[in-house]
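Since the structure comes first, as structure tokens, the remarks are kept for the end.
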Amino acid sequence: MSTPLLVFDDVVCGYGDTMMLRGLAGAVGTGRVLAVLGRNGVGKTTLMRALSGFLPLQRGRVMLAGRDLARVPPQQRLAAGMAYAPQEGVVFGDLSVRENLWLHLRSRDGQRYGACLEAFPRLAERMQQSAGLLSGGERKLLSFTRTLGLRAPLSILDEPTEGVQPENIERMARLVRARKAEGASFVIVEQNLEFLLSVADDVLAIDHGECSLAGPASELTRETLEAHLVV
Ligand SMILES: Nc1ncnc2c1ncn2[C@@H]1O[C@H](COP(=O)(O)OP(=O)(O)O)[C@@H](O)[C@H]1O
Ligand SMILES: [Mg+2]
């Protein structure tokens, strides 16, 4: 295998004096999806914040395309090719859906969001509406759409399917696979086993701040994965 797009190792971080992650390591190849699993509160979101730059590391490396970004602020990580859809607080409620999509972008190329808006017509219909009127699941779709539209080499998605309707979860999986086919890579925290199985190439499970399972998704049984998802 060629050098992975993202390599992180010896990641130690947490809140105050409590280290939630105690030396985690992982890698994501080009055009591949790393699924991150674990019970509630094990530190999945903490790892996503550490990778995207919203939480400082006590120790460790976060290498994207050979460059160590571990001490680089979030905006520069984004510029380097790392997009991030956080688990919560993802949408500006007092802006319209359209404004949420275009706010952070200089050029308005209409193609950017085409595939997602085709897949989620309810979102497309509600462009002018205040995003604050969207349901929790619809906000997740908006955040997913905004992140995929960045067309970043690496996208970090923290529980993208939380609260989303099953038919839209299937469409999300299709959109992720389409981006993979174009060479895009993903780190996805996921609890939904069907979604996970339909997109993941590799799996990393966390327990007690350490890796409790890692390997190609194809070599892990459903039962093994379920056991690491148990809330
Ligand atoms: N801002 C914070 N300050 C202090 N503790 C936090 C903070 N955010 C999360 N935690 C704690 O860190 C642990 C891991 O949280 P998190 O990474 O959100 O878990 P997960 O995403 O796996 O459910 C939990 O015990 C949580 O209570
Ligand atoms: Mg979380």
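What you see is a predicted model; the values in this text were computed from it and never measured. Numbering of ligands and ligand atoms starts at 1, following listing order.
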Pairs meeting criterion salt bridge (Lys or Arg N to Asp or Glu O under 4.0 Å) with involvement of residues 63-85, two or more places apart: none
Pairs flagged by side-chain hydrogen bond (donor to acceptor under 3.5 Å, both in side chains) wherever residues 213-223 is involved - sequence neighbours left out: Glu194-Arg222, Thr221-Thr224
Mind counting the protein N, O or S atoms sitting less than 2.8 Å from the Mg ion (ligand 2)? 2
Candidates Leu175, Leu141, Thr147 - the one meeting side-chain contact (heavy atoms from CB on, under 4.5 Å) with Cys116: Leu175
Pair Val203-His228, side-chain contact (heavy atoms from CB on, under 4.5 Å): steps then yes or no: CA-CA 10 Å; Val203 171; His228 285 83; over 6 Å; no
Would you check if the side chain of Arg61 reaches a backbone N or O of Asp10 as a donor-acceptor pair within less than 3.5 Å? no
Going by the angle between their ring planes, with limits at 30° and 60°, are Trp102 and Tyr113 parallel, tilted or perpendicular? perpendicular
Give the protein residues with at least one non-hydrogen atom closer than 4.0 Å to an atom of ligand 1, ordered by chain and number. Tyr15, Met20, Arg39, Asn40, Gly41, Val42, Gly43, Lys44, Thr45, Thr46, Arg49
Asp158 and Lys44 ion-paired at < 4.0 Å: no
Main-chain N/O of Leu134 paired with Arg139 side-chain donor or acceptor, under 3.5 Å: yes
Just by distance, no angles: are the side chains of Gln191 and Glu162 close enough, under 3.5 Å, to form a donor-acceptor pair? no
